[in-house]
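The structure under discussion appears below in the form of structure tokens.
Labels below follow one simple rule: chain letters A, B, ... track the order of the sequence lines, proteins then strands, and each chain is numbered from 1. It should be emphasised that the depicted structure is a prediction, and the values quoted were computed from it without experimental measurement.
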Amino acid sequence: MTRRITVRVNGVVETADVDPRRSLLAFLREDLDLTGAKEGCNEGECGACVVLVDGKPINSCLMLAVEADGREITTIEGLARDGALHPLQRAFLRHQALQCGFCTPGMILTAAGLLAENPDPTEDEVRRALSGNLCRCTGYRQILDAVLEAAAEMRGAVGKEVVR
Amino acid sequence: MSDRTPRWVGTDVPRVDGLEKVTGAARYTADLKFPRMLHAAVVRSPHPHALVRDVRLEAAARVPGVRAVAAGRDFPFHVGIYLKDQTVFATDRVRYVGDPVAAVAAETPEAAREAAARVEVEYEPLRPVFDVADGLAPDAPLVHPDLGRYECVPWITPQAGTNICNHLKVRKGDYEAALRRCAHVIEHSFSVPQVQHVPLEPHVSVARMDGAGKLEVWTSAQSPFTVRHLLCACFRLPHGDVRVVVPHVGGGFGGKAGINLEPIAAALAMKARGRWVRVMVDRSEEFYAVVVRQGLEATLVTGVDRDGKVLAQKLRYLWNCGGYGGYGVNVVRAAGYTCGGAYEFPNVWGDSIGVYTNRPVGSAYRGFGMQEIHWALEQQMTMVARELGFDPVEFRLRNCLGPGKSTVTGQVLDEHAGRVDLCIRKVAEALRWGDGRREPYRGRGLACAVKAPAMPNDAASSVVLKFCEDGMLEVLLSGIDYGQGLKTVAAQFAAEALDLPFDQVRVRGLPDTDLSPYDWQTVASRQTWATGNAVLRAAESCKRQLLAMAAQAFDAPASRLQLAGGRVLDPETGRSLPLARLAMGYQFDDGHTVGGPVAAAASFVPEGLIFLDPETSQSPKPVAKWTFGCQGVELQVDPETGRFTVERIVGCYDVGKVVHPGLIRGQTYGGMVQGLGTAVMEELLLDRATGRIRNASLTDYKIPTTEDVPQRLEAHFVETPQADGPLGARGIGEHTMIPTPAAIADALYDACGVRITTLPITAEKVLAALRAKAEGGPAR
Ligand code: FES
Ligand code: FES
């Protein structure tokens, strides 16, 4: 038994027949081959699978594909527009805010969701927003710096003293 | 290489794998699609210790969609990187909860799970051994009754008829005589529980054996060549018939060194010829079924003279190795020959003993035993200093290693060895040590670290450099860049040696045993140093080829020519050629061609390493290099709850040469926070009734999040060049998490007068100790 869903993924409309028990994460990774979202735990505890659903960061391992019907989804593959990296992607590169890279897509998308809501977060607000995204490699310091700097850039505040 | 100031080494070049990682383009093993791939499920022992009486696979094989079932009897060969004590599946006995007994491969994960549930195993439970003391008891049940029959490398010493899988003895000077001369003798004990690596990417392996009998394995691993070597031993296959490929790896920390799921995937692939089989653990299995870090029980006795010089030091390290020796036996060995840490002890009696138990299998984990022994030794040094009224920094400086001093194995360090004293001074200065400042429940502490690469004496790395038609350079290597930045660093060394624009170098990923040059393993903080050296050597060879061709082109002596910014230049005439004109050979105007495609292979093997004496472990050069460092901590305690906040961690390491400032900061911060996790929150909890791990999930086993990161993380470096290091560099990846717990424990003591000697340092322990102290109990 499958159900037909229509979702807009990274700007492209996709229609598919999916098992009603299939997670959004499995749908994206296996059916659409969008493997930027990672499976770190499959139980909502690591944030590696975060994608934006209607602009909000969601653990896609906890959402069913059928629940995404009619919604707009952005994965890490769709964050760069017209070949230009998102300011968060650029800031992650500048700050060495990634090592193995497995947490990176989820981190960047969670941060993107935060900045869409709160363009001028304090460091504590960034810490809180990213607290569901585990990273075992970086110690988070350069990630926090990257997010704060990207926020400043997106507000047009670059050039001022914005990093700790 | 010329003497000019480095252009690329020492600078923040962009990391070469950055773009693919921020765009989601980087593919990890589980991201790859294999046609008609089968899914596996592993049948694991529910008992910590039991005899396996019978394994019946018939019902499992009848489940629709099942394509292969495999169990112990089909794969009888023992494997192990150093001590061959393990089979692919348990044959006669299981040794921990999670020990693989059988596996199935089916068309869907659901069918595989259903079939696994139908494998019938008859067990006869045996008395388990959980702790080192139980394991060493004279009447202890033997975890490996066949220990005396296993094959083993000569430098690991399992003791048949016991649970001891390795014992390293360090005997230096005359400990007993020296102890009698000491004014003070102080003894303390410490312990460390088993913990988990928790890489964000769980273990996963995919294998296929094709119709011609060639086995191909794609896996999340740190050591493709060692995986191949061990698979060949495991299945009695020639190396040429096994290919191992490693895509991007989502963290390893030692847990993906050696073989893990690969033999299970291969066994199923051999049963389902022609089909790809994927074995993947879920997050819960990741916690107990693959590998963990060993537990440690340590007892230290320190004899000190009136001036605060340690004359006699006894160290007894008992390792809880779990069900199999794996990498753990070499952790035991490394802890033995490094038992004295960053100090010079003239008289030493050291024992490092690995004990089999019926717990999850201990293995390599960032630091390779060093964080555990430093938890004991560094606290011991501070406790001795404080108990005798010496300043802990002064006491360390009086006793620490340095040029001209001798290690516990009798190796006399030379001037290239790195300077722990400078690191201690830097950290003390950053902490404003000794300024007399005291605030309620606020404390400062520090601890040192040292580590050498723990590897066979002949551990090798090799690389291939080859030019493209457009003059771009490709670097092929088989070290794994799982985030530490190996590819970027290799590109830096290549661009440096050939004076190329940085973006004219491409480092090829996908280490592949069929296609890329040999590398022993990506462990031991050895890659920047070993692969870095190989890159420099290969670059020298490419340079010679380029200059020889240009010499003909210019009709000038090669000795006069230089590489400069992607061209060959004759400084005398000002003539120059872009490398694109030379990369495939140089063609003269009349059409005749000299030289040919420029390429070179080169390797690096450490020189002059001498085996340890089997009785005393004395050796003038047991290891290739040492990296020293020190970390300091500031924290604030809440006396009402016992909770404390680590506000600052400051580290200083003598890395020989900072190759990439941003990457080395990343390594340092990452290690500090991983160290913080093991210091304050991480512990695998065993249910003693069942032998199961009680907290095998990210809900119950916490690792640090953004909210746990100290306000201030600081990294400082000393650069005493390593004699055999590429541009003087030495390893640093693991060292960054070694001293953190001991520094935190000491800052806690400084803040509130309680001393915690068992990891992790939880708020409950601190609160209980504060209450005991208030009631006049022992505060130490
Ligand atoms: S995979 Fe979804 S939160 Fe871990
Ligand atoms: S970079 Fe490896 S988990 Fe974050």
Under 4.5 Å from any heavy atom of chain A - which part of B/His197: backbone
Per-residue contact mode, A/Thr104 against chain B (heavy atom under 4.5 angstrom): side chain
If you count heavy-atom pairs under 4.5 Å with chain A, which of B/Glu201, B/Glu286, B/His660 comes out on top? B/Glu201
Measuring from atom OG1 of A/Thr35 to atom CZ of B/Arg27, what distance do you get when rounded to the nearest 0.5 angstrom? 3.5 Å
When the 4.5 angstrom heavy-atom criterion is applied to A/Arg128 and chain B, the contacting part is both
Would you call B/Asp12 and A/Arg94 a salt bridge, using N to O less than 4.0 angstrom? no
Can you say whether A/Leu134 sits under 4.5 Å from chain B via the side chain, the backbone, both, or neither, judging by heavy atoms? both
Contact class of A/Gln99 relative to chain B, heavy atoms under 4.5 angstrom: both
Heavy-atom pair count under 4.5 Å with chain B, highest-scoring of A/Glu77, A/Lys38, A/Glu30: A/Lys38
Please report the C-alpha distance between B/Leu200 and A/Cys46 in whole Å, then the side-chain angles of each, then the deciding distance to 0.1 Å, and finally whether the side-chain contact (heavy atoms from CB on, under 4.5 Å) criterion is met. CA-CA 8 Å; B/Leu200 259 277; A/Cys46 77; 4.2 Å; yes
Pair A/Arg136 + B/Glu682, salt bridge at N-O below 4.0 Å: yes
Within residues 14-22 of chain B, the residues sitting under 4.5 Å from chain A by heavy atom, in sequence order, are B/Arg15, B/Gly18, B/Leu19, B/Lys21, B/Val22
Rounded to the nearest 0.5 Å, what separation is found between the OG1 atom of B/Thr706 and the CG atom of A/Asn133? 8.0 Å
Do B/Arg665 and A/Gln142 have side chains that get closer than 4.5 Å, going by heavy atoms? yes
Bottom line for B/Ala26: the part with an atom under 4.5 Å from chain A's heavy atoms is backbone
For the interface with chain A, which of B/Met672, B/Gln667, B/His248, B/Gln484 has the highest count of heavy-atom pairs at distances below 4.5 Å? B/Gln667
Would you indicate whether the side-chain heavy atoms of B/Arg283 and A/Asn42 approach each other to under 4.5 Å? no
Strictly below 4.0 Å, N to O, side chains only: are A/Arg127 and B/Asp708 in salt-bridge contact? no
Got a sec: does the NZ of A/Lys56 have more than 12 other heavy atoms crowding it under 6.0 Å? no
Distance col, row B/Ile703:CD1 vs A/Glu45:CD, nearest 0.5 angstrom, shows 10.5 Å
Give the member of B/Val673, B/Asp31, B/Thr23, B/Thr668 that has the highest number of heavy-atom pairs under 4.5 Å with chain A. B/Asp31
With a sphere of 6.0 Å drawn around CD of A/Glu117, does it hold more than 12 non-hydrogen atoms of other residues, nucleotides or ligands? no
Heavy-atom distance under 4.5 Å to chain B: side chain of A/Leu88, backbone, both or neither? neither
Contact leader toward chain B among A/Leu130, A/Asp124, A/Val126, A/Leu98, where contacts are heavy-atom pairs under 4.5 Å: A/Leu98
Within the structure provided, determine whether A/Cys137 and B/Phe253 are in side-chain contact (heavy-atom separation under 4.5 Å). yes
Relative to chain A, which segment of B/Ser697 carries a heavy atom at a distance below 4.5 Å: side chain, backbone, both, or neither? both
To check you understand the geometry: which heavy-atom pair defines the closest contact between A/Phe102 and B/Tyr28, and what is its length? N-OH, 3.5 Å
At their closest point, which heavy atom of B/Gly24 faces which heavy atom of A/Ile76, and how far apart are they? CA-CG2, 3.5 Å
Which atoms of A/Leu144 approach chain B - backbone, side chain, both or neither, heavy atom under 4.5 Å: side chain
For B/Val249 and A/Cys100, the nearest pair of non-hydrogen atoms, with its separation, is O-CB, 3.5 Å
Considering only heavy atoms, which portion of B/Val13 lies under 4.5 Å from any heavy atom of chain A: side chain, backbone, both, or neither? backbone
